[in-house]
Amino acid sequence: MIIKRVGIFCLLLLAVSVAFGQSKMVAALDVPNIEQSINIEGFTAALDSFPRSAQKGYLEQFLVPGNDGYIISRFGPRSGRMHYGTDIKMYKGDTVVATQSGVIARANWGHGFGRLVVIQHRNNIETYYAHLTKFLKEKGDTVEKGEPIGLAGSTGRARGAHLHFEMRENGKPFDPELVFDFKEEKIRDDAFNTESLMALHKKLKPKGYSTNVAVPEYYKVRSGDSLWVISRKFKTSITELCRLNNIAENAVLQIGQPLRMY
């Protein structure tokens, strides 16, 4: 009986020591904490892992999205609503790649977008890749320029397989054709040595093309407008509109009144 009890005690002791040893091995593994390595406001901590290129020429370092540059729908007003991106023809299952290095800020279903990937880049620039049929990356992943992030499709509000591509800076959408000459499949000459989308827009506007920017510098109030309607139309906040124009949230707008948008 004593020998039997001693045997059981030894087995228990062995099991405890093995479990303790495994816990020490697991604790010793260097597992990165994604939540700690990424700044929620802009993923700036994770973006610091990428080489810091000259900011002045940042836009010229992007890759042209899509396969052959064939545009099926441009940025601008469409069917009474604003189309905030460029639709590029792709076939279901085609590989969609990151146009620039960054961090996956979003990889989930978006209303109207279907399966959507958003990448946060330097200089407060984001790129959107919508209507995907499959994700190849998850939120929090770091990606290099040219790395596959998803497969093209027609999920969400889409007629046929294509890539809906957007470029945003500080949350404001800009025409991707400011940066890309899709017909020639290259970066526009005007984008070279330019540090921001806003600066590029101001450079190109006097030249008469790519002027249909989603957020004009000033907007003239029209019949039926309210701060809520304008904020929804241009995807900004009522608080920001009030701050820029030094008005109260319950202010009555006058037709023709200019509102500063940025």
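Below, all heavy atoms of this structure are taken into account, side chains as well, without hydrogens, waters or symmetry copies.
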Which atom pair, heavy atoms only, marks the closest approach of [X] to [Y]?
{"X": "P65", "Y": "T99", "result": "CB-CG2, 3.8 Å"}
{"X": "K145", "Y": "Q61", "result": "NZ-O, 2.7 Å"}
{"X": "M167", "Y": "V179", "result": "SD-CG2, 4.0 Å"}
{"X": "L132", "Y": "V96", "result": "CD2-CG2, 3.8 Å"}
{"X": "E166", "Y": "P176", "result": "CA-CG, 4.5 Å"}
{"X": "I247", "Y": "L227", "result": "CD1-CD2, 4.1 Å"}

Practice problem: Might you confirm whether atom CD of E138 has over 12 heavy atoms from other residues, nucleotides or ligands at distances under 6.0 Å? | Solution: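 Not more than 12 within 6.0 Å, no.
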
Same apolar cluster (I L V M F W Y, side chains within < 4.5 Å links), [X]/[Y]:
{"X": "V64", "Y": "F174", "value": "yes"}
{"X": "I119", "Y": "V97", "value": "no"}
{"X": "L63", "Y": "I88", "value": "no"}
{"X": "L163", "Y": "I72", "value": "no"}
{"X": "L200", "Y": "F62", "value": "yes"}

Quick one, [X] and [Y] - any side-chain contact, counting heavy atoms below 4.5 Å?
{"X": "V143", "Y": "I104", "answer": "yes"}
{"X": "M90", "Y": "H162", "answer": "no"}
{"X": "T142", "Y": "V103", "answer": "yes"}
{"X": "I230", "Y": "L253", "answer": "yes"}
{"X": "Q254", "Y": "V221", "answer": "no"}
{"X": "K172", "Y": "M198", "answer": "no"}
{"X": "L59", "Y": "I125", "answer": "yes"}

Give a yes or no answer on whether the side chain of [X] reaches the backbone of [Y] with a donor-acceptor pair at less than 3.5 Å.
{"X": "D175", "Y": "E177", "result": "yes"}
{"X": "T155", "Y": "T133", "result": "no"}
{"X": "K203", "Y": "D190", "result": "yes"}
{"X": "H131", "Y": "G153", "result": "no"}

- Can you name the salt bridge (charged side-chain N to carboxylate O under 4.0 Å, His left out) partners of R222, sequence neighbours left out?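 Salt bridge (charged side-chain N to carboxylate O under 4.0 Å, His left out) check on R222 returns nothing, list empty.
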
From [atom1] ([X]) to [atom2] ([Y]), nearest 0.5 Å:
{"X": "N250", "Y": "C242", "atom1": "CG", "atom2": "SG", "answer": "8.5 Å"}
{"X": "R106", "Y": "Q120", "atom1": "CZ", "atom2": "CD", "answer": "13.5 Å"}
{"X": "Y70", "Y": "K183", "atom1": "OH", "atom2": "NZ", "answer": "12.5 Å"}
{"X": "R188", "Y": "F180", "atom1": "CZ", "atom2": "CZ", "answer": "10.5 Å"}
{"X": "E249", "Y": "L241", "atom1": "CD", "atom2": "CG", "answer": "10.0 Å"}
{"X": "K220", "Y": "L259", "atom1": "NZ", "atom2": "CG", "answer": "12.0 Å"}

Walk me through it: do K139 and N108 pass the test side chain to side chain contact (heavy atoms under 4.5 Å, CB included)?
CA-CA 8 Å; K139 180 179 178 181; N108 58 9; over 6 Å; no

Inset, instruction - Please check if the distance between the ring centroids of Y58 and H121 is under 6.0 Å. - result: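 Not under 6.0 Å, so no.
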
Worksheet item: Any chance the rings of F165 and Y129 have centres within less than 6.0 Å?
Response: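 Ring centroids of F165 and Y129 are less than 6.0 Å from each other.
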
inquiry  = When you measure from the centre of the six-membered ring of Y91, is the NZ or CZ of K89 closer than 6.0 Å and no more than 45° off the axis?
reply    =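 Yes, K89 and Y91 form such a contact.
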
Legend entry - Steps toward side chain to side chain contact (heavy atoms under 4.5 Å, CB included) verdict (H164, H83): CA-CA 10 Å; H164 173 88; H83 184 233; 3.3 Å; yes

Next item on the list: Test R115 against F135 for side chain to side chain contact (heavy atoms under 4.5 Å, CB included), laying out the working first.
Entry: CA-CA 8 Å; R115 289 188 176 89; F135 298 122; 3.5 Å; yes

